[in-house]
Engineer: 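Sharing a structure with you now.
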Amino acid sequence: MSESYAERAQALDTADELAKHRAKFALDEVVYLDGNSLGALPAHVPARMADVITRQWGELRIRSWDESGWWTAPERIGDRIAPLVGAAAGQIVVGDSTSVNVFKAVVAGTRLAGDPRDGRDEILVDATTFPTDGYIAESAARLTGHRIVPLDPAEMAGAVTDRTALALVNHVDYRTGRLQDLPGLTAALHEAGALAVWDLCHSAGALPVGLDAHGVDLAVGCTYKYLNGGPGAPAYLYVAERHQGRFDSPLPGWNSHADPFGMTPGYRAAEGALRGRVGTPDILSMLALEAALEVWDGVEIEAVRAKSLALTDFFLECVRAYVPAGRVESVTPEAHAERGSQVALRCAEAPAVMAELIRRGVVGDLRRPDILRFGFTPLYVGFADAERAARVLAEVLASEGSSAGSSQDG
Ligand SMILES: *Cc1c(COP(=O)(O)O)cnc(C)c1O
């Protein structure tokens, strides 16, 4: 039986059009299923960073702000991310963390929605959100005079009223891997005159987002997960073109000024998505991200999505075949339309099991108390990886089971 899954994996890898991209990454024999937390290093990045540091910084020094394109990096790299999330150029700037961009988007979004005293005084927040979004939204609501309404994203469309200013939603749930209905919920918000603010941390680089096509208002996302930008790589902010003229940033730093080097006391916002900039960009991280994004050259996000679904289907199938019934339970939706690019398995012994998986060369992660999380990054994970991960999981559970049994006996 194990042979047949291994053989199928081999055949699937041989037929896989994206398999050739794996060679672009610095990887070893470890099965790396944590690219949804920290994407792998594209192998050309170290040499590029050596040039950025020794020549651009070390030799050109201050001249690099112009001559090496440092000053315009936030919008240039934003334009490089844009096609991956279905946005036309000129709507994305890179910089700051996702947390900071959530703050900009929520406060600026409420300002677009109007004075809360005129009626739109509620911010709907994904009740299952990655915590930072919820913390920041709560503070933003206190600052702007709004009320937070936590809701399951599945119930949001039915809960939108003429009091809704905006909704802040995670496109893919970081814990379960559930993909939310971005087109449907965005349309429902618009129908009620509210705005849609999407967090793309777990969808950008894993599946088509279609920001422009679905009329999303504002969006944020990080770049160190599926976009492989490196630890703490700067995040991004999308401001739909139609909102840019009225986008009023709560953090109007000098980098978003119409004439930053005029150094004038009065603030005047730049045109366009540049309004999302704040202060001096973190150039080293930013240029590592820019280099890393080259792995996407010639890659269609639709092909990435197709492989992602095939990988997660195959992994689930192997888990069902190898793991004794009742030891793990998938909390990731079966339906493709509701699945992101990870599989989350509930498991009573999750902490010990994940530690042992990592020791045996299968790296996923743990979401306390009982979720084993396996991220599938189609550019560098293959079907043989999925088969091996499921097989090692079954072996670990078999040994955990016997040790738990013996300690109970004893
Ligand atoms: C990873 C992630 C973040 C991370 O925020 P940082 O400010 O980069 O730490 C935020 N939101 C979601 C939904 C995430 O998945």
Side-chain angles (χ1 to χ4, degrees), residues 33-40 74 77-78 81 84-85 92-107 109 123-140 148 150-153 156 166-180 182 185 196-207 209 211 216 218-238 250-251 276 278-279 281-282 285-286 288-289 292 308 331-332 339-344 364-368 371 373-377:
L33 302 181
D34 216 1
N36 55 338
S37 200
L38 178 66
I77 303 169
I81 293 171
L84 295 171
V85 291
I92 296 182
V93 280
V94 172
D96 311 309
S97 62
T98 302
S99 303
V100 172
N101 283 295
V102 166
F103 180 76
K104 295 180 215 170
V106 171
V107 175
I123 297 173
L124 313 187
V125 176
D126 183 340
T128 54
T129 185
F130 187 92
T132 204
D133 299 50
Y135 304 155
I136 299 269
E138 201 277 329
S139 174
I148 294 286
L151 285 168
D152 187 315
M156 266 188 194
L166 60 84
L168 171 66
V169 198
N170 295 179
H171 193 194
V172 172
D173 186 290
Y174 76 101
R175 186 183 288 273
T176 62
R178 176 178 291 276
L179 172 65
Q180 309 297 354
L182 180 146
L185 181 49
V197 183
W198 287 92
D199 183 327
L200 311 178
C201 281
H202 280 272
S203 58
L207 52 95
V209 177
L211 289 178
V216 168
L218 301 167
V220 302
C222 72
T223 63
Y224 50 77
K225 294 173 183 165
Y226 292 92
L227 297 179
N228 315 304
Y236 57 89
L237 172 69
Y238 164 89
L251 295 171
V278 184
D282 40 3
S285 291
M286 204 162 281
L289 166 63
S308 158
V331 297
T332 299
R339 191 192 304 164
S341 198
Q342 72 178 44
V343 171
D365 61 25
L366 171 74
R367 285 294 170 262
R368 285 186 286 163
I371 297 289
R373 219 173 54 141
F374 302 94
F376 289 85
T377 45

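Indexing begins at 1, ligand by ligand and atom by atom, following the structure's order.
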Engineer: Hey, does the side chain of E138 reach the backbone of D133 with a donor-acceptor pair shorter than 3.5 angstrom?
Structural biologist: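 Not at all, since once roles are kept as given, no pair shorter than 3.5 Å links the two residues.
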Engineer: Among protein heavy atoms, which lies nearest atom 14 (C) of ligand 1, and at what distance?
Structural biologist: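 That would be K225 NZ, 2.9 Å.
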Engineer: Can a donor-acceptor pair be found, under 3.5 Å and without considering hydrogens, that links the side chain of N101 to the backbone of S97?
Structural biologist: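 Side chain of N101 to backbone of S97: a pair is present.
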Engineer: Keeping the roles fixed (side chain from N170, backbone from T129), state whether a donor-acceptor pair exists under 3.5 Å.
Structural biologist: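 Flag not set: sc N170 to bb T129 has no pair under 3.5 Å.
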Engineer: Against heavy atoms of H202, which atoms of ligand 1 measure under 4.0 Å?
Structural biologist: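 Those of ligand 1 that fall under 4.0 Å from H202 are 15 (O).
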Engineer: Could you point out which residue of D34, L33, L366 forms a side-chain contact (heavy atoms from CB on, under 4.5 Å) with R373?
Structural biologist: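 Going through D34, L33, L366 one by one, the side-chain contact (heavy atoms from CB on, under 4.5 Å) with R373 is satisfied by D34 alone.
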Engineer: Which residue and atom name correspond to the protein heavy atom nearest atom 5 (O) of ligand 1, and how close is it?
Structural biologist: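 For this ligand atom, the closest protein heavy atom is T98 CB, 3.4 Å.
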Engineer: Counting distance only, does the side-chain N/O of S285 pair as donor-acceptor with the main-chain N or O of P234 below 3.5 Å?
Structural biologist: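 Checked: no pair found.
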Engineer: Quick one: which ligand 1 atoms are inside 4.0 Å of a heavy atom on N170?
Structural biologist: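 Counting from 1, the qualifying ligand atoms are 13 (C).
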Engineer: Could you check atom 7 (O) of ligand 1 against the protein and tell me its nearest heavy-atom contact, residue, atom and distance included?
Structural biologist: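 That would be S99 OG, 2.6 Å.
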Engineer: Measure T129 to ligand 1 on non-hydrogen atoms and call it side chain, backbone, both or neither using the 4.0 Å cut-off.
Structural biologist: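 Within the 4.0 Å criterion, T129 makes no contact with ligand 1.
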Engineer: State the atoms of ligand 1, each with its element, that fall below the 4.0 Å cut-off from a heavy-atom position in Y224.
Structural biologist: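 So the answer, numbered in order with elements, is 1 (C), 4 (C), 5 (O), 6 (P), 8 (O), 9 (O).
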Engineer: Using a 4.0 Å heavy-atom threshold (strictly under), name the region of T132 that reaches ligand 1: side chain, backbone, both or neither.
Structural biologist: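 The part of T132 near ligand 1 is the side chain, not the backbone.
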Engineer: Within 45° of the ring axis of F130 and under 6.0 Å from its six-membered ring centre, is that where the NZ or CZ of K225 lies?
Structural biologist: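 Yes - K225 lies over the ring of F130, closer than 6.0 Å to its centre and within 45° of its axis.
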